[in-house]
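Comments concern the structure below.
Naming convention: chains lettered A, B, ... in sequence-line order (proteins, then strands); numbering from 1 in each chain. Heavy-atom basis, side chains included; hydrogens, waters and symmetry copies ignored. Note that this is a predicted model, so its numbers are computed, not measured.
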Protein chains: 2
Amino acid sequence: MIETGAEPESRAERKLRTRRAILDATLELCTDSSLTALSLRQVAKQVGIVPTAFYRHFDSIESLGLALVEESFDSLRDLFRDVRRNARADQDPSTSSGHRIVDGSIDALVDHVHRRRDHFGFIARERVAGPRSVREAIRREIELCERELATDLALMTGTDTWTAKDLHVLSSLFVTVLVATAEQILSTTRPEQEEQIVATVRTQLRMLLIGVYQWRSES
Amino acid sequence: MIETGAEPESRAERKLRTRRAILDATLELCTDSSLTALSLRQVAKQVGIVPTAFYRHFDSIESLGLALVEESFDSLRDLFRDVRRNARADQDPSTSSGHRIVDGSIDALVDHVHRRRDHFGFIARERVAGPRSVREAIRREIELCERELATDLALMTGTDTWTAKDLHVLSSLFVTVLVATAEQILSTTRPEQEEQIVATVRTQLRMLLIGVYQWRSES
DNA sequence: GTTGTCGGTGTACAGATGTTCACTGAAAGG
DNA sequence: CCTTTCAGTGAACATCTGTACACCGACAAC
């Protein structure tokens, strides 16, 4: 469609470009309304291809959704990597009860959500409203994240004597709060309201952390 | 359609019955797929009326959704009432750190979610995937619940010296966990997995409660 | 008993939907 | 150079979509 100067572009590259265009168009089209309400023809029109050409890349909206799940969770894993790097740098016993880690993690969350509104919004929506297979894929990925976070938590001071079960319980709670916060950030555009959301979750995590530092696993 | 014997049934009653049938049909049809993916004709067919008759009751799927929001939050308020009654009965200083209240509240949650799967599922889904006006209505209702819970929390031992802001922060965290738990319960049918979910949230709330009991509001 | 109200019906239409099929034309491969 | 591959085309289809309109017939009101 739009050729910008002299780009040879192999056939494979061109195919990949259209595929990307489909993924992007889909993310844009379902910013409000969910995959299940999205038609193949809307996507095709947005991309600028004929409806039938869609089948050269995906054989249904559902499998398109599965591809978007993978892509979106790449963004979420980026966030996790940032948080982990952040936490490791602050593994300083002199800091008071992990306030730095909390603040750093929240900042990272806000930052990543802003940079990939589309991906985080996609996960939040399709997690509960998408086609069954998409919902299941998302749940599986989230459980993966929880397990991953649990092993990270095991390495931190204070939780080193915890049972594996308790570690996972805590990890799951963090992920729940993380998801809820992302949803809230996505549902507002007013900066002062976002400030409010961030301040709230900051306090929530601090309250929780007090409990965590006192917790001793039973048995 | 189905006349069971001698029921005079006034015109108003009949209209109300059809309205109910529409609401029920809608809840059933969108157990997986969201309002935005639901067509007026599907609803009409499920109810057993002709498509145009739909307009005698609602002027769009969206306004139908708003009615369902009100109805669903009636169920949620029922839950809150149960929890509050429960908590008041257990306002006994001899119980250890509110374990009884936590357990009772979770039991009430599970019970209500089972009894009104449709309503809780509707809220969980349309909260993020419904039409804009429906999403906004749900968010408003949830904020109402948070405020309500915050005033309840103020009356409890341990939080009586807290600032209004901190009370709302805690209330918001409880509601977040509540919503997340309801979502998890709804997404499973296996009893042993539900047991697992309940055990997890029980521990999570206990961890959190430790922090709450130590928390002192600043300024 | 006449009249008006109003749920519900049936027909109709213009447009959108998923999917099929035979096609084109340029890049890839021999 | 000639052949194959294959992303994208375009027409055609049966079906579903929201909504407009004229209509019916039972209940309600007078």
Side-chain angles (χ1 to χ4, degrees), chain A residues 1-26 28-30 32-67 130-134, chain B residues 1-26 28-30 32-67 130-134:
Chain A
M1 298 260 124
I2 312 122
E3 291 305 328
T4 60
E7 304 175 44
E9 212 176 19
S10 78
R11 189 136 77 168
E13 284 171 334
R14 188 152 192 98
K15 175 159 190 184
L16 220 68
R17 264 226 313 181
T18 326
R19 187 190 150 95
R20 255 265 56 85
I22 292 178
L23 293 167
D24 290 341
T26 305
E28 186 179 339
L29 283 175
C30 70
D32 39 18
S33 78
S34 146
L35 267 188
T36 51
L38 193 62
S39 80
L40 184 153
R41 283 180 119 103
Q42 284 174 56
V43 177
K45 182 177 287 183
Q46 175 86 2
V47 174
I49 57 175
V50 93
T52 45
F54 176 92
Y55 293 111
R56 302 288 181 197
H57 303 271
F58 303 97
D59 51 52
S60 66
I61 291 279
E62 195 169 319
S63 66
L64 204 192
L66 292 174
R132 180 181 301 279
S133 65
V134 171
Chain B
M1 299 259 123
I2 312 122
E3 290 305 328
T4 60
E7 304 176 46
E9 213 176 17
S10 78
R11 190 136 76 170
E13 285 172 334
R14 188 154 192 97
K15 175 160 191 183
L16 219 68
R17 263 225 315 181
T18 323
R19 187 190 150 95
R20 254 267 54 86
I22 293 177
L23 293 168
D24 290 341
T26 306
E28 185 179 340
L29 283 175
C30 70
D32 38 18
S33 78
S34 147
L35 267 188
T36 52
L38 193 62
S39 80
L40 184 153
R41 284 179 118 103
Q42 284 175 56
V43 177
K45 181 177 287 183
Q46 174 86 3
V47 174
I49 57 175
V50 94
T52 45
F54 177 92
Y55 292 111
R56 303 289 181 197
H57 303 270
F58 303 97
D59 50 53
S60 66
I61 291 279
E62 194 169 319
S63 66
L64 204 191
L66 292 175
R132 180 183 303 278
S133 66
V134 171

If you pin B:Arg56 and B:Arg11 to their nearest nucleotides in DNA chain C, which one's is more 5'? B:Arg11
On DNA chain C, nearest-nucleotide positions of A:Lys45 versus A:Pro51: which is more 5'? A:Lys45
Around B:Arg132, counting heavy atoms of other residues, nucleotides and ligands shown, do more than 12 lie under 6.0 Å from its CZ? no
Spacing of [X] atom [atom1] relative to [N] atom [atom2], expressed in whole Å:
X       : N      : atom1 : atom2 : value
B:Lys15 : D:dA28 : NZ    : P     : 14 Å
A:Phe58 : C:dT19 : CZ    : P     : 15 Å
B:Leu38 : C:dT17 : CG    : P     : 17 Å
B:Leu64 : D:dG18 : CG    : P     : 12 Å
A:Arg41 : D:dT17 : CZ    : P     : 15 Å
B:Glu9  : C:dC6  : CD    : C1'   : 16 Å
A:Phe54 : D:dT9  : CZ    : P     : 14 Å
B:His57 : C:dG7  : NE2   : P     : 7 Å

For the residue pair [X] and [Y], establish whether any side-chain heavy-atom pair is separated by less than 4.5 Å.
X       : Y       : answer
A:Leu23 : A:Arg19 : yes
B:Arg11 : B:Arg14 : no
B:Leu40 : B:Tyr55 : yes

Output yes when at least one side-chain N/O atom of A:Ser39 is less than 4.0 Å from OP1 or OP2 of C:dT17, else no. yes
Between B:Thr18 and C:dG8, is there a contact of a side-chain N or O with OP1 or OP2 at under 4.0 Å? yes
Nearest non-hydrogen partners of B:Pro131 and B:Leu35, listed with the distance: CD-CB, 4.1 Å
Picking from D:dG18, C:dG18, C:dG8, which would you name as closest to the side chain of A:Leu40? C:dG18
Does A:Thr52 get its side chain close enough to the base of D:dG10, under 3.5 Å, for a donor-acceptor pair? yes
